[in-house]
Amino acid sequence: MNFHIFKQKTLLVLSIISGAFFLFSFLLIVLNIGGFGSPVILHYDVFRGIDLFGDKFDVWAIWITGFLLGILNIILSNTFFYRERVLSYLFIAVNLLISILILVVSGVIVSVN
């Protein structure tokens, strides 16, 4: 598959930054998941305390879901590149937002556990 979106420098740079965020969140999880206890705290609220527990697989499920959404956004951005270029920029921008959110969620889960 030929990715036409990477001919645009803006889309290429945003995709590289997004990929770096996904890689950093992956490494954050890999390096710290061994120290997690049996019930993993997935959500902590200052006012209500811990309100969502899960397993180590649930941490990976969050990351995999975000990563698959990122791949889907890149494919959709490439599909709409010559038809609606604005949609290509929108999909890549959403991809960057998803990667930032996954990084934040990974960091919070690691810091709480």
Side-chain angles (χ1 to χ4, degrees):
M1 180 177 225
N2 192 4
F3 287 101
H4 304 288
I5 60 170
F6 297 137
K7 293 177 184 176
Q8 292 279 8
K9 287 187 180 185
T10 306
L11 296 176
L12 178 64
V13 168
L14 290 176
S15 297
I16 290 172
I17 293 171
S18 176
F21 285 152
F22 275 123
L23 180 65
F24 187 66
S25 64
F26 177 79
L27 291 175
L28 187 67
I29 293 171
V30 165
L31 295 176
N32 293 307
I33 201 163
F36 289 174
S38 179
V40 177
I41 300 169
L42 294 178
H43 188 261
Y44 176 79
D45 189 5
V46 176
F47 300 111
R48 292 181 287 173
I50 300 168
D51 58 354
L52 184 62
F53 289 101
D55 197 26
K56 292 179 183 180
F57 175 74
D58 294 330
V59 178
W60 284 115
I62 293 170
W63 188 85
I64 289 170
T65 302
F67 187 71
L68 290 176
L69 283 173
I71 290 173
L72 179 67
N73 281 338
I74 288 175
I75 291 170
L76 288 174
S77 177
N78 190 47
T79 302
F80 291 116
F81 183 71
Y82 287 117
R83 289 183 232 162
E84 289 291 331
R85 193 150 304 180
V86 174
L87 281 177
S88 290
Y89 282 96
L90 183 66
F91 283 127
I92 295 297
V94 169
N95 195 19
L96 181 63
L97 179 66
I98 288 172
S99 66
I100 290 170
L101 289 175
I102 292 295
L103 179 62
V104 168
V105 166
S106 300
V108 168
I109 289 174
V110 165
S111 67
V112 169
N113 288 296

message = Would the distance check show the side chain of Ser18 and the main-chain N or O of Leu14 forming a donor-acceptor pair, the cut-off being under 3.5 Å?
response = no
request  = List in chain and number order the residues that pass salt bridge (charged side-chain N to carboxylate O under 4.0 Å, His left out) with Arg48, two or more places apart in sequence or in another chain; answer none if no residue qualifies.
outcome  = Asp45, Asp51
request  = Answer yes or no: is there a side-chain heavy-atom contact under 4.5 Å between Phe26 and Ile64?
outcome  = no
ask   = Do Leu69 and Ile102 come close enough that some side-chain heavy atom pair is under 4.5 Å?
value = no
inquiry  = Taking Val108 as the starting point, is it possible to reach Ile50 by hopping between hydrophobic residues whose side chains are less than 4.5 Å apart?
reply    = yes
ask   = Given the rule that I, L, V, M, F, W and Y join up when any side-chain heavy atoms are under 4.5 Å apart, are Leu12 and Phe21 in one cluster?
value = yes
task = First locate atom CG of Leu90, then atom CG of Asn73, and finally report the distance between them rounded to the nearest 0.5 Å.
result = 8.5 Å
ask   = Does the side chain of Ser25 pick up a donor-acceptor pair with the side chain of Trp63 at under 3.5 Å?
value = yes
inquiry  = Is any side-chain heavy atom of Ile74 closer than 4.5 Å to one of Asn78?
reply    = no
inquiry  = Over 60° means perpendicular and under 30° means parallel, so tell me whether Phe80 and Phe91 are parallel, tilted or perpendicular.
reply    = parallel
remark   = When rounded to the nearest 0.5 Å, the distance separating CG of Asn95 from CZ of Phe67 is 9.5 Å
ask   = According to a 4.5 Å side-chain heavy-atom criterion applied to Ile, Leu, Val, Met, Phe, Trp and Tyr, with indirect links allowed, do Leu97 and Val104 form part of one hydrophobic cluster?
value = no
request  = Could you tell me whether the side chain of Phe22 reaches within less than 4.5 Å of the side chain of Ile71, counting heavy atoms only?
outcome  = no
inquiry  = So if I apply the side-chain contact (heavy atoms from CB on, under 4.5 Å) rule between Val40 and each of Asp58, Ile33, Val59, which one comes out positive?
reply    = Val59
request  = Could you check Phe53 against Leu42 for side chain to side chain contact (heavy atoms under 4.5 Å, CB included), going step by step and ending with a plain yes or no?
outcome  = CA-CA 5 Å; Phe53 289 101; Leu42 294 178; over 6 Å; no
task = Tell me whether Ile16 is reachable from Leu103 by hopping between hydrophobic residues (I, L, V, M, F, W, Y) whose side-chain heavy atoms are closer than 4.5 Å.
result = yes
inquiry  = To the nearest 0.5 Å, what is the distance between CZ on Phe81 and NZ on Lys7?
reply    = 7.5 Å
query = Looking at CZ of Arg85 and OG of Ser77, how far apart are the two atoms once the value is rounded to the nearest 0.5 Å?
reply = 10.0 Å
ask   = Which heavy-atom pair separates Ile92 from Ser15 by the least distance, and what is that distance?
value = CD1-OG, 3.6 Å
ask   = Going hydrophobic residue to hydrophobic residue with side-chain gaps under 4.5 angstrom, can you get from Val105 over to Leu68?
value = yes
inquiry  = Is it true that, when you exclude Tyr89 itself, more than 12 heavy atoms of the residues, nucleotides or ligands shown sit nearer than 6.0 Å to its OH?
reply    = yes
query = Does Tyr82 OH have over 12 foreign heavy atoms under 6.0 Å away?
reply = yes
Reported CD1-to-CG distance for the pair Ile109 and Asn32, which is rounded to 0.5 angstrom = 11.5 Å
